[in-house]
Protein chains: 2
Amino acid sequence: MKEFINPSREMYDQLVRRPTISAREMRNTISTVFKEIELKGDEAVKSFTSAYDSVDLEKIQVGKEVLERAYAQMDKSLIQAIRTAKENIYSFHEAQYPTDINIEINKGIQLLQRSVPIERIGIYIPGGTAPLLSTILMLAIPARIAGCKEIVLCSPPTYKGSIHPSILATAHICGIQEVYAVGGAQAIAAMAIGTETIRKVMKVFGPGNQFVTAAKEYAIDYGVAMDLPAGPSELLVFADETSVPAFIAADLLSQAEHGVDSQVVLITTSNDIAIQVKNEVYDQVERLPRKSIATEALKNSFSVVIDSPEEAFYFINQYAPEHLIIASEQPSSYIDKIQNAGSVFLGNYCPESAGDYASGTNHTLPTSGWAKAYNGVNIDSYMKKITFQHINKEGLELIGNAITLMAREEQLEAHARAVDIRLNTKI
Amino acid sequence: MKEFINPSREMYDQLVRRPTISAREMRNTISTVFKEIELKGDEAVKSFTSAYDSVDLEKIQVGKEVLERAYAQMDKSLIQAIRTAKENIYSFHEAQYPTDINIEINKGIQLLQRSVPIERIGIYIPGGTAPLLSTILMLAIPARIAGCKEIVLCSPPTYKGSIHPSILATAHICGIQEVYAVGGAQAIAAMAIGTETIRKVMKVFGPGNQFVTAAKEYAIDYGVAMDLPAGPSELLVFADETSVPAFIAADLLSQAEHGVDSQVVLITTSNDIAIQVKNEVYDQVERLPRKSIATEALKNSFSVVIDSPEEAFYFINQYAPEHLIIASEQPSSYIDKIQNAGSVFLGNYCPESAGDYASGTNHTLPTSGWAKAYNGVNIDSYMKKITFQHINKEGLELIGNAITLMAREEQLEAHARAVDIRLNTKI
């Protein structure tokens with residue numbers, strides 16, 4: 001971890017910059033996958049699975065009985081943990097359910113805004129030995145609350161030739177019935193285009209490697225939306241003199257263990273804290289099973305001492321972190337200074353892992369500075385707001401002149417005439 | 001306009017398909033523009049403006065006095081029309097202002113969701129002889145309500161060597177102070193990258209030609225978000241036997257006059273209505289100033305008679321129109337059938353042009369079937385929702401076990417330890 005003490009604002013630009021990841025180099029590979037699936041459907045899905053995952057699938061879809069069996073065999077205390085998390089995630093996302101709007105803006109002009117669920121969505125869950133079951137909760141629970149009729153889950157058959165049983169069991173707990181043993185870019189392509197087995201979805205959600213990410217971007221050409229632009233996960237901790245260095249070090253490491261490209265940053269008003277955190281980090285990392293990954297990630301990471309809290313938050317808002325911990329006994333006083341962040345953790349007893357799993361907030365969040373313009377996944381991600389207007393003749397008479405004047409200024413005469421014909425015709 | 005009578009569902013796929021526009025072919029041109037502006041800043045902006053718009057700019061920024069003069073010289077009745085529109089747009093978008101959420105999900109676990117404006121946004125308004133002043137209202141008013149601190153407007157100097165005075169006057173009415181006489185891909189690149197004069201924005205809004213559209217997509221690599229994926233404008237009218245054919249024809253033509261690539265569609269339960277509308281269209285189009293454009297657009301257009309309203313709305317939801325008019329004396333009965341549409345116009349006295357200009361709804365809407373997953377621009381487009389959590393030791397004790405069990409199942413030991421260290425340390 002590099003250290004900076006009261007760097008100049010000119011330095012900030014350099015410090016807040018993340019490594020750029022461009023999906024462009026992968027476009028050729030991705031385009032081949034999409035073309036093959038467009039042409040050959042399920043056959044192509046199977047052949048990519050054979051080539052990339054070394055699994056020869058008989059059936060792409062995972063049967064209901066397989067989901068039920070995985071659930072029956074899951075450790076009961078883990079099920080209880082999932083249920084606790086599910087309950088909190090459900091409550092917080094249900095509280096986000098949007099209210100419809102219905103106002104009479106002028107006499108005879110009624111305007112409505114109504115939230116309608118996206119009908120069919122796809123969730124991608126990566127494979128490997130560690131099953132990302134928390135991500136299923138984060139992506140499926142708000143979809144259920146929003147009222148999405150059809151929820152599809154794709155995950156590669158990379159655990160002993162099938163999907164990891166914990167993923168299947170969690171999918172079952174979330175009420176997902178359509179599960180396909182397909183991974184990588186071919187999963188995204190199949191959901192975006194549609195095959196004999198997997199029907200086209202309208203939006204894809206979920207994390208993945210660079211191929212999955214590139215495929216999600218590519219899917220836009222097939223009219224399929226996606227959750228968020230992707231980037232490596234990151235954590236910024238702001239610490240004042242009331243923070244606890246050992247806790248902060250544990251948080252920084254919990255982010256650093258995600259991957260070698262993770263970035264962790266400490267911003268503190270206290271040089272003492274900076275030194276203590278650093279010592280704690282190098283002490284705690286020694287005992288971690290993912291020590292080598294965390295150590296690699298720490299190389300991208302740094303700490304900055306900034307004397308003034310105002311200036312510290314100027315930096316933080318420029319950085320726009322995915323996760324922001326306010327390590328302080330009095331965190332509330334900092335809330336109003338936060339302009340750009342994905343999810344914020346307040347106080348000395350609020351580790352990022354609480355929000356990663358069980359407190360109720362979503363963990364699918366904007367990385368790489370996208371928090372300046374994007375929020376994380378929430379109930380809105382699964383709905384679209386349709387506007388309606390009901391105008392009667394009286395209403396049209398009120399605004400008709402405004403419409404026709406503006407339309408004619410824009411040289412759109414037919415727009416004006418659509419008003420005139422209504423006001424000048426006796427029916 | 002082609003006609004179809006009760007086509008089979010197999011036909012629907014073909015009928016709902018829009019021409020695909022891929023920005024890929026333009027990527028080379030766009031990439032040159034971005035690289036030049038990254039390298040040379042203002043100098044490159046000026047040289048592109050000279051090359052593409054044949055204007056040699058002295059200054060890129062339009063002075064405050066120029067905006068004020070344009071406003072002073074604007075026709076007073078047009079100002080009044082703009083003010084009427086502004087008031088309605090303001091009221092409807094203000095009603096959309098999101099409510100913050102603050103709940104105690106468990107004892108000691110407080111969750112918040114707070115909406116925060118995007119600090120700096122850019123609006124692009126195309127040039128040419130017809131000034132799109134309504135689009136300024138649609139994009140600037142919700143930005144003001146959201147509380148965006150800085151609103152930038154770019155428009156090319158293609159009206160006698162400067163921006164059309166109606167655009168300047170409307171910008172002034174909307175309180176926009178930063179106006180730049182730059183158009184095309186170079187405007188988007190300048191806002192996305194930042195130059196000596198134009199500081200980088202966080203999100204770009206607004207319509208434009210294929211270069212502008214491609215540049216907006218390209219800007220994502222510079223960490224800049226955009227409003228919506230773009231496509232040609234479109235209108236679908238659903239008409240039952242209580243509709244008025246002459247009004248429908250006027251609406252279809254108001255869409256058709258936008259551009260040769262516009263698409264208009266009539267879906268009706270009545271063959272009589274289909275025939276009458278068609279006759280009216282060919283009669284009314286003759287007297288339009290933009291007859292040639294509208295006639296060209298009508299070639300992409302079609303009518304479908306579908307006897308059953310249920311089946312008609314199945315088709316409509318598959319099509320997912322940008323604009324949907326329910327031409328009927330009793331439109332309310334159809335509302336619940338609408339799943340996918342950008343903006344809906346109800347009744348025989350509700351032309352699309354009402355929503356284009358003055359009723360209060362936004363006219364920046366999802367085209368090309370994107371209404372299945374996206375909504376139009378609304379107040380949310382200018383804000384992001386940040387989640388906060390405040391957990392004390394008691395709260396962490398409640399969910400600690402759930403977190404550590406799930407983290408360990410995901411093989412993320414450091415995530416679990418960030419909890420353990422807090423629960424096992426006496427401070």
Side-chain angles (χ1 to χ4, degrees), chain A residues 78 81 84-85 88 91-92 95 101 103 105 109 111 118 130 134 202-203 223 225 250-251 253-254 257 288-289 341 343-344 346-347 349-351 353 357-361 369 372-373 375 384-393 396 399 402-403 405-406 410-411 413-415 417-418 421-422, chain B residues 78 81 84-85 88 91-92 95 101 103 105 109 111 118 130 134 202-203 223 225 250-251 253-254 257 288-289 341 343-344 346-347 349-351 353 357-361 369 372-373 375 384-393 396 399 402-403 405-406 410-411 413-415 417-418 421-422:
Chain A
L78 186 57
T84 299
N88 288 347
S91 301
F92 188 53
I101 297 165
I103 55 173
I105 207 133
I109 307 179
L111 303 184
I118 300 174
S134 59
M202 293 162 182
K203 189 168 182 173
D251 292 328
L253 289 170
S254 77
E257 77 171 340
L288 280 183
S343 196
V344 185
L346 302 167
Y349 286 88
C350 196
S353 46
Y357 292 105
S359 62
T361 57
K372 288 179 181 173
N375 46 242
K384 67 261 177 181
K385 292 175 175 172
I386 305 179
T387 54
F388 295 80
Q389 56 205 295
H390 193 176
I391 304 181
N392 64 21
K393 196 166 182 181
L396 194 59
I399 58 166
I403 298 168
L405 272 171
M406 290 173 73
E410 293 188 0
Q411 296 175 28
E413 178 62 24
H415 282 63
R417 290 191 190 171
I421 196 171
R422 283 172 164 91
Chain B
L78 185 56
T84 300
N88 287 348
S91 301
F92 187 53
I101 297 163
I103 55 173
I105 207 134
I109 307 179
L111 303 184
I118 300 173
S134 59
M202 295 163 181
K203 189 168 182 174
D251 292 327
L253 289 171
S254 77
E257 76 170 342
L288 279 184
S343 196
V344 185
L346 304 167
Y349 286 89
C350 196
S353 46
Y357 292 105
S359 61
T361 57
K372 288 179 182 173
N375 46 242
K384 68 261 176 180
K385 291 175 177 171
I386 304 179
T387 53
F388 295 80
Q389 55 204 294
H390 193 175
I391 304 181
N392 63 22
K393 197 166 179 181
L396 192 59
I399 58 167
I403 299 169
L405 272 171
M406 290 172 74
E410 293 189 2
Q411 296 175 26
E413 177 64 23
H415 281 63
R417 292 192 189 171
I421 197 172
R422 284 174 164 87

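Letters A, B, ... are given to chains in the order of the sequence lines, protein chains preceding strands, and every chain is numbered from 1. Because the structure is predicted, anything quoted here is derived from the model rather than measured.
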Under the side-chain contact (heavy atoms from CB on, under 4.5 Å) rule, what do A:Tyr357 and B:Leu405 come out as? Steps first, then yes or no, please. CA-CA 10 Å; A:Tyr357 292 105; B:Leu405 272 171; over 6 Å; no

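Every residue meeting the side chain to side chain contact (heavy atoms under 4.5 Å, CB included) condition with B:Ala85, not counting sequence neighbours, appears here in chain and number order: A:Met406, B:Ile89, B:Leu137, B:Ala358. Partners of B:Ala373 according to the side chain to side chain contact (heavy atoms under 4.5 Å, CB included) rule, which considers only residues two or more places apart in sequence or in another chain, are A:Ile118, A:Ala225.
For the set A:Lys372, A:Lys203, A:Arg422, the count of heavy-atom pairs under 4.5 angstrom toward chain B peaks at A:Arg422. Taking B:Ser134, B:Gly360, B:Gly347, B:Gly369 one by one and counting their heavy-atom pairs under 4.5 Å with chain A, the maximum is reached by B:Ser134. Interface summary for chain A: among B:Ile101, B:Ile105, B:Asp251, B:Thr84, the most heavy-atom pairs under 4.5 angstrom belong to B:Ile105. Annotation: maximal heavy-atom pairing with chain A below 4.5 Å, among B:Lys385, B:His390, B:Glu413, B:Gln389, occurs at B:Gln389. Each of B:Leu396, B:Leu288, B:Leu111, B:Ile399 has some count of heavy-atom pairs under 4.5 Å with chain A, and the biggest count is that of B:Leu111. If you tally non-hydrogen atom pairs under 4.5 Å between each of B:Ala341, B:Ala81, B:Ala414, B:Pro289 and chain A, the highest count goes to B:Ala414.
With a 4.5 angstrom heavy-atom cutoff, A:Ile421 touches chain B via backbone and side-chain atoms both. Only the side chain of A:Ile103 comes within contact range of chain B, judged by heavy atoms closer than 4.5 Å. Interface remark: B:Asn392 contributes backbone atoms only to the contact with chain A (heavy atom separation under 4.5 Å). Heavy atoms of A:Ser359 lying under 4.5 Å from chain B belong to its backbone as well as its side chain.
For the atom pair B:Ile109 CD1 and A:Ser91 OG, the distance stands at 11.0 Å (nearest 0.5 Å).
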